[in-house]
Amino acid sequence: MKELRIEANGNLGPIDSSRIPRYAGAATFARLPRLDQVARADVAVVGVPFDTGVSYRPGARFGANHVRESSRLLRPYNPAQDLSPFELAQVADAGDMAVNPFNINEAIEEIQQNALDLTAPDADGRSAKLLTLGGDHTIALPLLRAASERAGAPVALLHFDAHLDTWDTYFGAEYTHGTPFRRAVEEGILDTEAISHVGTRGPLYGKKDLEEDQRFGFGIVTSSDVFRQGVDEVVHKLRDRIGDRPLYVSIDIDVLDPAHAPGTGTPEAGGITSRELLEILRGLRGMNLIGADVVEVAPAYDHAEITGVAASHVAYDLVSLLADGVSRDNARMEGKR
Ligand SMILES: N=C(N)NCCCC(=O)O
Ligand SMILES: [Zn+2]
Ligand SMILES: [Zn+2]
């Protein structure tokens, strides 16, 4: 059937839900065009159906498609950021990476290579910014490798999660969803002056977990800190610490309270609300965001798309930040001409 899409500024946007009901047709993120339907993308949304790194409930391999299905109701104008992301930039859904479910090391190589391919600079030196939908948190490591390679330097990291994910090994395995950020620090791909966890909570294996995490350079804004200090104070501190460094944002959906995101593999009580998470993200406007992921959505434990809708809105605000960055980059390039 013919697709009736919204078009603006030469950018091909979502299917027009006033002409084709939003529940019709195959799902792409926000009903956006597929990457193969556009000449090039400024922002690419890509899925990684991989959950071989989990320590508890499996199922995040189905996360990206669940978020796509739950994103049909997103509308083109974002009032909270006062911008229309799909007008500011060409945003496209790049589909899913094909990754080996039986070999974690190989999967990690594949994810890194796919992320590099999707962000390869064109003849004008412009490269797409990537928003990845997981997948379990293992995938953040190869995504960070690719992001720091493209940035040409170690990157700042804002990590939203109930968990530290800086543990060493599980059952002797180095590459799991509980270990990506320790590996990233060891590999020297993070700017350890500017790395923070947000939303951390819940029981740990021992106090040593926190001591080691601090030694790696991480700052922690706990879930309780968000509650006690409030969003504005938290945003102020994060902006202060990160400044204009190239910034990668990794969002484990279990940062939300299980009431806001039941569909995840390692839920912990006492999490932040979806409103708080969205408000913190909106507070990052104007920072040098180079890439982001939303991981750990496990639809088998979801109800009524609670988690899927939360994740799709989080992804929408991330796309808005990335598209805003594209328009600032373009304005800067115009200025140079
Ligand atoms: N990255 C996520 N979601 N969870 C890590 C949990 C590690 C553990 O089982 O202790
Ligand atoms: Zn987590
Ligand atoms: Zn995590």
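Values below: every heavy atom of this structure, side chains too, minus hydrogens, waters and symmetry copies. Note that ligands are numbered from 1 as they come in the structure, with each ligand's atoms numbered from 1 the same way.
Taking 4.5 Å as the limit, some side-chain heavy atom of R182 sits within range of a side-chain heavy atom of D168.
Separating the CD atom in E279 from the CG atom in D232 is a distance of 8.0 Å, to the nearest 0.5 Å.
Tested against H137, the residues H163, H177, H159 include a single ring pair (Phe, Tyr, Trp, His ring centres under 6.0 Å) partner, H159. Here the options are L143, L130, L158, the test is side chain to side chain contact (heavy atoms under 4.5 Å, CB included), and the partner is Y248; only L143 passes.
Other residues, nucleotides and ligands place no more than 12 heavy atoms under 6.0 Å from the CZ atom of F62.
Protein residues with a heavy atom closer than 4.0 Å to ligand 1 are S55, H137, H163, D165, W167, Y170, H177, Y205, D252, D254, T266, E296, listed by chain and number.
Under 3.5 Å, the side chains of R241 and S196 contain a donor-acceptor pair of N or O atoms.
Excluding waters, the count of protein N/O/S atoms less than 2.8 Å from the Zn ion (ligand 2) comes to 5.
One N or O on the side chain of S312 and one on the backbone of S70 form a donor-acceptor pair closer than 3.5 Å. A donor-acceptor pair under 3.5 Å is absent between the side-chain atoms of T138 and the main chain of Y175, judged by distance alone. No donor-acceptor distance shorter than 3.5 angstrom exists from the side chain of R31 to the backbone of Y23, with no hydrogens or angles considered.
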